[in-house]
Amino acid sequence: MIPHILSIQSHVARGYVGNRAAVFPLQRLGCEVNFINTVQFSNHTGYGEWTGEIYSAEHIQDVLNGLWKNNTFDNLNAILSGYQGSPALGQVIIDTVKQVKQAHPQTLYCCDPVLGDVGRGVYVLPETAEFIKQHAINVADIITPNHFELGYLTDMPTHNISAILNACAKLHARGPKIILVTSLVREEAPADHIEMLLSCEQGVFITRTPRFEFDHAPSGSGDATAAIFLAKYLQTQNVVQALEHTTAAIYDVFKITHATHSYELQLIAAQDFIVNPSETFSAKKYELT
């Protein structure tokens with residue numbers, strides 16, 4: 001099966017964040033991707049200076065209307081959203097998800113709640129962060145928050161495994177059946193490693209890889225992670241296999257990015273490893289007590 005995905009995210013002319021970090025991995029993994037850009041910037045905001053604009057909700061709705069007219073949603077397996085730009089734009093995305101699900105209930109919605117990170121705090125508009133927190137999460141089947149976003153979305157501590165699982169339980173109660181927590185650093189784990197945690201109906205699973213230290217950490221890894229995980233889940237229908245593949249693929253992307261001292265993810269150089277990672281990182285099931 002070739003998965004068909006609609007990706008609604010930001011776009012940059014230079015570098016790899018948003019759709020620039022998601023669409024290529026999705027295509028490299030064999031997915032058919034339609035994509036809508038919520039913004040067009042010269043580069044990501046981590047550079048400190050950028051040009052471009054956030055597209056209006058009306059513009060995005062107009063593009064979506066065109067997709068409805070040409071029956072794009074008839075064979076759609078999933079909708080993936082990332083950076084949303086404004087609450088009005090977020091509402092357009094939510095309304096579209098609901099409309100698609102009404103016509104095609106099997107279509108999944110994967111929400112990457114892009115709103116902040118450790119060290120930077122919330123870097124989207126406060127009202128956008130609150131919209132994602134209060135509304136977007138409720139209609140998602142899959143969410144992929146990073147460690148910081150997990151705490152923000154739940155207003156709960158997330159310093160150890162017990163707190164993290166409590167936070168995941170709070171989010172599950174609101175709707176998402178699959179939660180992938182990325183860039184996880186917790187008290188019980190070695191400081192020189194980083195983890196991903198998957199919480200789903202089958203249980204809780206954790207993968208761990210060595211951690212690379214960057215002078216300036218590249219942006220976009222969360223966008224690429226969500227895309228790879230969604231693609232592999234659609235292809236395998238196995239969340240644990242999707243977790244293991246994603247962990248290994250992102251590790252290779254980081255390894256090559258670190259070796260080249262780049263501030264941008266080296267997705268082109270790492271493209272073969274996105275499909276066939278060089279190493280294996282097995283997921284360990286966490287036994288709930």
Side-chain angles (χ1 to χ4, degrees), residues 25 29 108 110-113 117-118 137 140-154 156-174 176-214 217 221-258 270 273-289:
L29 288 165
L108 297 176
C110 179
C111 176
D112 182 13
D117 205 351
V118 174
I137 298 302
D141 301 289
I142 303 170
I143 58 173
T144 60
N146 62 32
H147 196 168
F148 172 85
E149 290 161 345
L150 178 66
Y152 180 90
L153 292 171
T154 58
M156 296 174 69
T158 57
H159 54 283
N160 60 31
I161 189 65
S162 177
I164 292 163
L165 296 184
N166 287 338
C168 287
K170 184 174 182 179
L171 291 177
H172 279 307
R174 294 178 55 190
K177 292 181 172 58
I178 298 173
I179 300 173
L180 177 65
V181 184
T182 64
S183 303
L184 185 65
V185 178
R186 57 190 175 95
E187 290 178 350
E188 306 93 340
D192 59 348
H193 283 65
I194 196 163
E195 297 177 324
M196 292 190 198
L197 180 145
L198 173 69
S199 179
C200 57
E201 292 177 343
Q202 293 90 331
V204 174
F205 301 86
I206 298 173
T207 53
R208 178 184 297 170
T209 65
R211 183 176 184 176
F212 294 102
E213 295 295 336
F214 292 89
S221 60
D223 307 320
T225 297
I228 294 170
F229 179 78
L230 178 60
K232 296 307 296 184
Y233 177 59
L234 290 173
Q235 290 171 342
T236 66
Q237 295 297 301
N238 186 308
V239 287
V240 177
Q241 287 183 25
L243 169 65
E244 292 177 337
H245 184 103
T246 302
T247 302
I250 290 297
Y251 176 77
D252 277 327
V253 171
F254 269 119
K255 182 167 63 175
I256 292 173
T257 302
H258 185 264
F273 298 115
I274 291 172
V275 181
N276 295 301
S278 65
E279 299 188 44
T280 299
F281 298 96
S282 298
K284 294 184 178 180
K285 188 171 185 178
Y286 180 78
E287 298 301 332
L288 302 175
T289 56

**Student:** Has the side chain of N146 got a donor or acceptor atom that lies under 3.5 Å from a matching backbone atom of V181?
**Tutor:**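 Checked: no pair found.
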**Student:** In sequence, state the C-alpha distance, the side-chain angles, and the governing distance for V185 and I194, and then conclude on side chain to side chain contact (heavy atoms under 4.5 Å, CB included).
**Tutor:** CA-CA 6 Å; V185 178; I194 196 163; 4.3 Å; yes
**Student:** Considering non-hydrogen atoms only, spot the tightest contact between A163 and P157 and give its length.
**Tutor:**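 Minimum heavy-atom separation between A163 and P157: CB-O, 3.2 Å.
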**Student:** Output yes when a side-chain donor or acceptor of H245 lies under 3.5 Å from a complementary backbone atom of A249, and no otherwise.
**Tutor:**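 Side chain of H245 to backbone of A249: no pair is present.
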**Student:** Between Q202 and V239, is any pair of side-chain heavy atoms under 4.5 Å apart?
**Tutor:**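 With C-beta onward as the side chain, the pair touches.
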**Student:** Is there a side-chain contact between H193 and T209, using heavy atoms and a 4.5 Å cut-off?
**Tutor:**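 Answer no - side chains too far apart.
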**Student:** Once you round to the nearest 0.5 Å, how far does CG of L153 lie from CZ of F148?
**Tutor:**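 L153 CG to F148 CZ: 9.5 Å, rounded to 0.5 Å.
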**Student:** Dump the intermediate steps for ring-ring contact (aromatic ring centres under 6.0 Å, His included) on F205 and Y286, then the final yes or no.
**Tutor:** CA-CA 6 Å; F205 301 86; Y286 180 78; over 10 Å; no
**Student:** Starting at OG1 of T144, measure out to CG of L230 and round the result to the nearest 0.5 Å.
**Tutor:**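 Nearest 0.5 Å value for the OG1-CG distance: 9.0 Å.
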**Student:** Considering all heavy atoms of both residues, which atom of A270 and which atom of D252 are nearest to each other, and what is their separation?
**Tutor:**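 Answer, listing the atom of A270 first, then D252: CB-O, 4.5 Å.
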**Student:** Could you tell me whether the side chain of F212 reaches within less than 4.5 Å of the side chain of T257, counting heavy atoms only?
**Tutor:**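 Sidechains of F212 and T257: no contact.
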**Student:** Check the surroundings of atom CD in E201: do more than 12 heavy atoms from other residues, nucleotides or ligands lie under 6.0 Å from it?
**Tutor:**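 Result for CD/E201: open.
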**Student:** How many angstroms lie between atom CZ of R208 and atom OG of S282, to the nearest 0.5 angstrom?
**Tutor:**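 Rounded to the nearest 0.5 Å, the CZ-OG separation comes to 13.0 Å.
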**Student:** With a 4.5 Å heavy-atom cut-off, do M196 and L243 have their side chains touching?
**Tutor:**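 Counting from C-beta outward, M196 and L243 do come under 4.5 Å.
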**Student:** About how many Å separate CD1 of I250 and OG1 of T182, when rounded to the nearest 0.5 Å?
**Tutor:**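 Taking OG1 in T182 and CD1 in I250, the distance rounds to 9.0 Å.
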**Student:** To the nearest 0.5 angstrom, please state how far the NZ atom of K255 sits from the OG atom of S278.
**Tutor:**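 The OG atom of S278 is 3.5 Å from NZ of K255, to the nearest 0.5 Å.
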**Student:** Give the minimum heavy-atom separation between H172 and C200, together with the two atoms involved.
**Tutor:**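 What the structure gives for the nearest pair is NE2-N, 4.2 Å.
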**Student:** Under 3.5 Å, side chain of K170 to main-chain N/O of T154, donor-acceptor pair present?
**Tutor:**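 Yes; judged by distance alone, with no hydrogens or angles, the pair exists.
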**Student:** When you compare the side chain of I142 with that of C111, does any pair of heavy atoms fall below 4.5 Å?
**Tutor:**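 No, side chains not in contact.
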**Student:** Taking H147 for its side chain and V118 for its backbone only, find out whether a donor-acceptor pair lies under 3.5 Å.
**Tutor:**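 Side chain of H147 to backbone of V118: no pair is present.
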**Student:** In the structure I gave you, are the side-chain heavy atoms of V204 and L198 within less than 4.5 Å of one another anywhere?
**Tutor:**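 No; the side chains remain at least 4.5 Å from each other.
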**Student:** Ignoring hydrogens, what is the shortest heavy-atom contact between Y233 and A242? Give both atom names and the distance.
**Tutor:**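 Taking Y233 first and A242 second, the nearest heavy atoms are N-CB, 3.7 Å.
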**Student:** Backbone N or O of I161 within a donor-acceptor pair of the E188 side chain at under 3.5 Å?
**Tutor:**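 Between the backbone of I161 and the side chain of E188 there is a qualifying donor-acceptor contact (under 3.5 Å).
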**Student:** Please determine whether a side-chain nitrogen of the Lys or Arg among E195 and R186 lies less than 4.0 Å from a carboxylate oxygen of the Asp or Glu.
**Tutor:**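 The answer is yes: the pair qualifies as a salt bridge.
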**Student:** Salt-bridged, E244 to K232, with N to O below 4.0 Å?
**Tutor:**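 No, E244 and K232 are not salt-bridged.
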**Student:** Would L197 and C168 count as a side chain to side chain contact (heavy atoms under 4.5 Å, CB included) here? Give the steps.
**Tutor:** CA-CA 10 Å; L197 180 145; C168 287; 4.1 Å; yes
**Student:** Quick one: are P210 and Y251 in side-chain contact, heavy atoms under 4.5 Å?
**Tutor:**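 Heavy-atom side-chain distance check passes, below 4.5 Å.
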**Student:** For F254, enumerate each residue passing the ring pair (Phe, Tyr, Trp, His ring centres under 6.0 Å) test, keeping only those at least two apart in sequence or located in another chain.
**Tutor:**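 Here the qualifying residues are F214.
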**Student:** Quick one: pull up CD1 in I178 and CG in L108 and give me the separation to the nearest 0.5 Å.
**Tutor:**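 It comes to 7.5 Å.
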**Student:** Does I164 offer a backbone N or O that forms a donor-acceptor pair with the side chain of H159 under 3.5 Å?
**Tutor:**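 Checked: no pair found.
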**Student:** So do I137 and I143 actually touch side chain to side chain, heavy atoms under 4.5 Å?
**Tutor:**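 Yes; the side chains approach each other to less than 4.5 Å.
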